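Shown next, in structure tokens, is the structure this report addresses.
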Amino acid sequence: MKSILDFRPDLATKIDEVAEVAGYLWQKGWAERNGGNITINITEFVDREIAAMPALSPAYPIGSVLPNLKGQYFFCKGTNRRMRDLARRPMENGSVIRILDDCAHYVIIADAPVKPTSELASHLALHNRMIGEGKGYKAALHTHPIELVAMTHKREYLEKDVLTRLLWSMIPETRAFCPKGLGIVPYKMPSSVELADATVALMSEYDVVAWEKHGVCAVGPDIMEAFDQVDVLNKSAQIYISSRNMGFEPEGMSEEQMNELKEAFNL
Ligand code: 2HA
Ligand code: ZN
């Protein structure tokens, strides 16, 4: 079967990157069964040939009107598909969608009519915001990192920036490479518009937000950077938990040490 990737080697490289990250998510134990999802904006790779590709599906409603998405194209993991399968066969476990001119519906155009992720509402709302901000952010990731999710089960960590401060203080890299910290979205029904709205609202302040007792959502210029942010934060969570497992409360870096980093890295 002919694939959309046959037209564009540069798009194939982008999809390879998605597959690589999907493999990491599975290896880390963050992607049980169909857990998690990835979407990337691929509009920059769309030429006349791709733009002329016919719809393989009816027009599906997005669930809201997202004005910045007119004529945009996304690669999306398929709903109910496994991350570990996306890693090996991305075009069989994900699909390319085109947003229609009403900014409220989409069609699937390639390679097969694989229905996109159940969290599409959140993802597309994030992409809508990212286009509006004009920072060149193209990727959205949702995953279930074990230690970070565990930490959202404690009430006091759900207060604004309490968890951020704790995670920053575990290892200098987290302060340096995740300078905006971790936003917290109180528990909401998975796949709901309420979850999407709360996530988008917080993303003006953060690049990564935790969904209480569920997972995290991260955005970035590309999928590798979105993954790195979550990886760095979860590493801090693991260090905290390792210390607790050894029977002590970790000291954490001092305010002074963290401020020193802030200045050195211009954060
Ligand atoms: O896509 O993780 O939150 C599966 C999920 C939904
Ligand atoms: Zn999830």
Side-chain angles (χ1 to χ4, degrees), residues 15 17-41 57 60-64 74-97 106 108 112-129 139-153 157-158 163 182-203 206-220 223 226-227 229-231 233-234 237:
I15 302 299
E17 203 178 281
V18 169
E20 184 179 339
V21 167
Y24 297 154
L25 299 177
W26 165 249
Q27 287 158 15
K28 284 187 161 286
W30 298 354
E32 70 292 343
R33 197 175 177 275
N34 65 320
N37 29 72
I38 292 176
T39 55
I40 58 166
N41 189 329
S57 75
Y60 294 116
I62 296 171
S64 49
F74 298 90
F75 174 77
C76 311
K77 173 180 166 281
T79 187
N80 254 315
R81 300 301 172 118
R82 294 178 176 86
M83 208 51 94
R84 61 185 190 261
D85 292 338
L86 188 72
R88 289 175 299 168
R89 295 185 302 275
M91 295 311 292
E92 287 172 36
N93 295 283
S95 57
V96 173
I97 64 168
Y106 69 90
I108 304 168
V114 173
K115 189 113 203 260
T117 161
S118 60
E119 302 287 4
L120 192 67
S122 288
H123 280 250
L124 290 183
L126 285 171
H127 285 289
N128 185 62
R129 163 163 220 133
L141 166 68
H142 163 57
T143 187
H144 302 162
I146 302 165
E147 291 81 4
L148 282 176
V149 175
M151 293 185 90
T152 69
H153 284 260
Y157 291 157
L158 304 178
L163 199 45
L182 179 67
I184 306 281
V185 178
Y187 185 83
K188 304 258 183 321
M189 184 67 189
S191 313
S192 64
V193 173
E194 291 73 31
L195 180 58
D197 289 346
T199 303
V200 172
L202 270 183
M203 284 297 189
Y206 302 95
D207 282 347
V208 190
V209 299
W211 290 349
E212 180 186 336
K213 303 183 183 89
H214 178 167
V216 301
C217 194
V219 294
I223 196 63
F227 167 77
Q229 295 258 323
V230 181
D231 195 25
L233 287 164
N234 197 66

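Read the numbers this way: they start at 1 and go in the same order the structure lists the ligands and their atoms. All values derive from a computational prediction rather than experimental measurement.
Between N80 atom CG and S118 atom OG the span is 8.0 Å, to the nearest 0.5 Å.
Although no hydrogens or angles enter the test, the distance criterion places no donor-acceptor pair under 3.5 Å between the side chain of S95 and the main chain of I108. Listed for the R129 side chain is a donor-acceptor partner under 3.5 Å among the backbone atoms of V200. The closest donor-acceptor contact from the side chain of K77 to the backbone of G36 lies under 3.5 Å.
When distances from the Zn ion (ligand 2) to the N, O or S atoms of H144 are compared, NE2 comes out shortest.
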List ligand 1's nitrogen or oxygen atoms that come under 3.5 Å of a protein nitrogen or oxygen, with the partner atom and distance.
residue	atom	partner	partner atom	Å
ligand 1	1 (O)	G36	O	3.4
ligand 1	1 (O)	N37	ND2	2.8
ligand 1	2 (O)	G36	N	2.9
ligand 1	2 (O)	H142	NE2	3.2
ligand 1	2 (O)	H144	NE2	3.0
ligand 1	3 (O)	E119	OE2	2.6
ligand 1	3 (O)	H142	NE2	3.2
ligand 1	3 (O)	H214	NE2	3.0

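N37 and E119 form no side-chain donor-acceptor contact under 3.5 Å, judged by distance and modelled atom types alone. Under the 3.5 Å distance criterion, with hydrogens and angles disregarded, no donor-acceptor pair is assigned to the side chains of H142 and H123.
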Discussion item. Set out, in order, the CA-CA distance, both residues' side-chain angles and the distance that settles salt bridge (Lys or Arg N to Asp or Glu O under 4.0 Å) for K28 and D231, then state yes or no.
Written reply: CA-CA 10 Å; K28 284 187 161 286; D231 195 25; 3.0 Å; yes

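Here H214 contributes NE2 and H142 contributes NE2, and at the Zn ion (ligand 2) these two atoms make an angle of 100°, given to 10°.
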